[in-house]
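To keep things clear, I will list the structure first and then write my remarks on it.
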Amino acid sequence: MLSWMAWTWPTALLFIGIFTAMATIITIEIKKPGTSERYGALGLTTTRGDRLFLSLLGTSYIFLAWLGIFGMPLWIPLALALMWGTFCFLKV
């Protein structure tokens with residue numbers, strides 16, 4: 001049924017992680033609507049969804065740049081991506 005895509009465990013975990021993050025953001029927004037807007041370090045007024053989008057976008061750029069410049073292994077860009085996500089949710 002899913003033979004149209006080369007599903008591997010890392011691919012499945014990536015999508016599960018993204019959908020879990022989205023479900024978490026939705027749940028928090030339902031419980032506390034409109035309480036997440038803030039003016040951050042980048043000079044933007046952002047919400048939780050904006051910060052999630054920026055962290056996912058930045059993470060993809062970190063991994064693509066690392067693969068283009070250095071190749072494997074991917075443990076260092078994973079650490080950089082986690083730091084970027086933490087920065088996005090705390091300071092942006």
With sequence neighbours excluded, what pairs up with [X] under the side chain to side chain donor-acceptor pair (under 3.5 Å) test?
{"X": "Ser60", "value": "none"}
{"X": "Thr20", "value": "none"}
{"X": "Ser55", "value": "none"}

**Item:** Side-chain cluster (under 4.5 Å, hydrophobic types only) that Ile16 belongs to, other residues
**Value:**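 Grouped by the 4.5 Å side-chain rule, Ile16 forms a cluster of one, so the answer is none.
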
Besides Ile26, the hydrophobic cluster formed by Ile, Leu, Val, Met, Phe, Trp and Tyr side chains linked at under 4.5 Å, directly or via other members, contains Ile30

Using the side chain to side chain donor-acceptor pair (under 3.5 Å) rule, take Thr24 and Thr27 through it: C-alpha gap first, then chi angles, then the decisive distance, then the call. CA-CA 5 Å; Thr24 303; Thr27 304; over 6 Å; no

Residue pairs meeting ring pair (Phe, Tyr, Trp, His ring centres under 6.0 Å), one or both in residues 13-34, sequence neighbours left out, come to Trp7-Phe15

So the ring pair (Phe, Tyr, Trp, His ring centres under 6.0 Å) pairs with at least one residue in residues 30-62 (sequence neighbours excluded) are none

If I take atom [atom1] from residue [X] and atom [atom2] from residue [Y], how far apart are they, to the nearest 0.5 angstrom?
{"X": "Thr8", "Y": "Leu13", "atom1": "OG1", "atom2": "CG", "result": "8.5 Å"}
{"X": "Asp50", "Y": "Glu37", "atom1": "CG", "atom2": "CD", "result": "8.0 Å"}
{"X": "Thr47", "Y": "Ile25", "atom1": "OG1", "atom2": "CD1", "result": "8.5 Å"}

Inset, instruction - Please confirm whether the backbone N or O of Thr46 pairs with a side-chain atom of Arg51, one donor and one acceptor, at under 3.5 Å? - result: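 Yes; judged by distance alone, with no hydrogens or angles, the pair exists.
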
Quick note, salt bridge (charged side-chain N to carboxylate O under 4.0 Å, His left out) partners involving residues 23-36, not counting sequence neighbours, are Glu29-Arg48

Applying side chain to side chain contact (heavy atoms under 4.5 Å, CB included), name anything that partners Ile18, two or more places apart in sequence or on another chain.
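Partners of Ile18 by the side chain to side chain contact (heavy atoms under 4.5 Å, CB included) criterion, ordered by chain and then number, come out as Leu14, Met22, Leu56.
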
Please list every donor-acceptor pair under 3.5 Å in which a side-chain atom of residues 70-78 meets a protein atom from a residue at least two apart or in another chain.
none

Please tabulate, one pair per line, all N/O donor-acceptor pairs under 3.5 Å involving side-chain atoms of residues 79-92, not counting sequence neighbours.
from, atom 1, to, atom 2, distance (Å)
Trp84, NE1, Leu54, O, 3.2
Thr86, OG1, Leu82, O, 2.8

